[in-house]
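All remarks here apply to the structure that follows.
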Amino acid sequence: MHILIRQEKNEDANEVYHLIQQAFEDSDYSDHDEHNLVNRLRNSTKFIPELSLVAEYDGQIAGHILFTEVHVGDQTLIALAPVSVRPEMQSKGIGKLLITEGHKIAAQLGYKGSIVLGHDTYYPKFGYKKASQYGIEAPFEVSDDHFMAAELIDGGLTDVRGVVEYAKEFFEKE
Ligand SMILES: CC(C)(COP(=O)(O)OP(=O)(O)OC[C@H]1O[C@@H](n2cnc3c(N)ncnc32)[C@H](O)[C@@H]1OP(=O)(O)O)[C@@H](O)C(=O)NCCC(=O)NCCS
């Protein structure tokens, strides 16, 4: 199975919108607005085009991931949100490819760390640990286990402390 990970293009937006909606449809840990969130984030000052990626399989988009800039104290990091794989294509390693390729590009761009709110059984595979271990806090009520941070380079989070400031678009649900 050959999966191509590439930057999202303008003309992918519609297919990506429906893919995200489908991916989160049955999820209990979702506000079912992730597809609209991604549309808002594309117009955000915190949007990073190089970190809006799709997984292409057989000419179709099978997965999508977006990382946007966040601030913690005087440091700029990224936040992974959301990642989605087409339901019939899940558990084939596509999520893993999107996350690892995203981290690689982010490190090349100079980002030192990434934040995620998500499954505590999934993200630790990619280097995420409880954010509280680094002194990084969420700006909302969240269980300590699900709010995580990963270093993208060795020691990348050593000097990072404080509350994560997300793009305002995260809080503008329609
Ligand atoms: C979560 C998601 C992006 C993972 O992508 P994927 O391509 O299915 O995952 P991968 O093939 O890379 O990894 C599969 C592994 O992840 C596990 N996994 C998949 N979804 C999981 C979940 N929701 N919680 C915990 N583990 C999960 C699988 O059990 C599998 O484990 P194994 O490698 O030990 O067998 C995808 O399942 C998805 O789109 N889910 C719905 C949307 C969602 O929940 N997004 C994440 C929000 S935090």
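All values below were derived from every heavy atom in this structure, side-chain atoms included, with hydrogens, water molecules and symmetry-related copies excluded. Sequence positions, counted from 1, serve as the residue numbers for this chain. Everything numeric in this text was worked out from a predicted model, so none of it was measured. Just follow the structure's listing: the first ligand is 1, and inside any ligand the first atom is 1.
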side-chain contact (heavy atoms from CB on, under 4.5 Å) between Met1 and Asp58, worked out: CA-CA 9 Å; Met1 192 169 80; Asp58 210 9; over 6 Å; no
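- In this structure, CG on Leu152 lies 5.5 Å from NE2 on His103, to the nearest 0.5 angstrom.
- For the pair Lys125 and ligand 1, a heavy-atom separation below 4.0 Å is found.
- Residue Gly93 places at least one N or O, backbone or side chain, under 3.5 Å from an N or O of ligand 1.
- Scanning the protein heavy atoms around atom 38 (C) of ligand 1, the nearest turns out to be Gln90 NE2, 3.3 Å.
- If you look at Thr121 next to ligand 1, the close heavy atoms, those under 4.0 Å, all belong to the side chain.
- Under the 4.5 Å side-chain criterion, counting only non-hydrogen atoms from C-beta, Leu66 is in contact with Phe47.
- Of the protein's heavy atoms, at least one falls inside 4.0 Å of atom 41 (C) of ligand 1.
- The atoms of ligand 1 that sit less than 4.0 Å from any heavy atom of Ile94 are 7 (O), 11 (O).
- Checking atom 19 (C) of ligand 1 against the protein gives no heavy-atom contact under 4.0 Å.
- For ligand 1, the atoms closer than 4.0 angstrom to any heavy atom of His119 are 22 (C), 23 (N), 24 (N), 44 (O), 48 (S).
- Interface of Ser84 with ligand 1, defined as ligand atoms under 4.0 Å from a residue heavy atom, comprises 39 (O).
- In this structure, atom 29 (O) of ligand 1 is not in close contact with the protein, since no protein heavy atom lies within 4.0 Å of it.
- The single protein non-hydrogen atom nearest to atom 39 (O) of ligand 1 is Val85 N, 2.8 Å, given as residue, atom name and distance.
- Using modelled atom types, no side-chain atom of Glu8 and backbone atom of Val54 make a donor-acceptor pair closer than 3.5 Å.
- For ligand 1, the polar-atom distance check finds no N/O of Leu117 at less than 3.5 Å from any of the ligand's N/O atoms.
- With values rounded to the nearest 0.5 angstrom, Tyr111 atom OH is found 13.5 Å from Ile153 atom CD1.
- With atom 16 (O) of ligand 1 as the reference point, the heavy atom nearest to it among Phe24, Phe126, Tyr122 is part of Tyr122.
- Close approach of ligand 1 to Ser91 is summarised as follows: ligand atoms under 4.0 Å from at least one heavy atom of the residue are 6 (P), 7 (O), 8 (O), 11 (O), 14 (C), 28 (C).
- Near Lys96, meaning under 4.0 Å from one of its heavy atoms, ligand 1 places the atoms 12 (O).
- Judged by distance alone, the side chain of His32 and the main-chain N or O of Phe24 form a donor-acceptor pair under 3.5 Å.
- Within a 4.0 Å radius of atom 25 (C) of ligand 1, the protein has at least one heavy atom.
- With respect to the salt-bridge test (charged N to carboxylate O, under 4.0 angstrom), the residues Arg86 and Glu15 qualify.
- Of the inter-residue distances, the one linking Phe126 atom CZ with Ile99 atom CD1 reads 4.0 Å to the nearest 0.5 angstrom.
- Going from atom OG of Ser30 over to atom CD1 of Ile20 covers 11.0 Å, rounded to the nearest 0.5 Å.
- For atom 35 (O) of ligand 1, the nearest protein heavy atom lies 4.0 Å or farther away.
- In this structure, CD1 in Ile5 is found 7.5 Å from OG1 in Thr100, a value given to the nearest 0.5 Å.
- Regarding atom 45 (N) of ligand 1, its nearest protein heavy-atom neighbour is Val83 O, 3.0 Å.
- Tyr166 and Thr68 are not linked by any side-chain donor-acceptor pair at a separation below 3.5 angstrom, with hydrogens and angles left out of the test.
- For Pro82, the heavy-atom gap to ligand 1 stays at 4.0 angstrom or more.
- Ion pair Arg6/Asp12 flagged as a salt bridge, since at least one NZ, NE, NH1 or NH2 atom sits closer than 4.0 Å to an Asp/Glu carboxylate oxygen.
- Scanning the protein for heavy atoms near atom 7 (O) of ligand 1, the closest one is Gly95 N, 2.7 Å.
- Not a single N or O atom of Ala23, backbone or side chain, sits closer than 3.5 Å to an N or O atom of ligand 1.
- Using bins of under 30°, 30° to 60° and over 60° for the plane-to-plane angle, the ring pair Tyr123/His119 lands in the parallel bin.
- Within the structure, the closest approach of Tyr123 to ligand 1 falls below 4.0 Å when heavy atoms are considered.
- Every atom of ligand 1 with a heavy atom of Gly118 under 4.0 Å away is listed here by number and element: 48 (S).
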Worked verdict on Phe170 versus Phe140 for ring pair (Phe, Tyr, Trp, His ring centres under 6.0 Å): CA-CA 12 Å; Phe170 276 94; Phe140 35 68; 8.7 Å; no
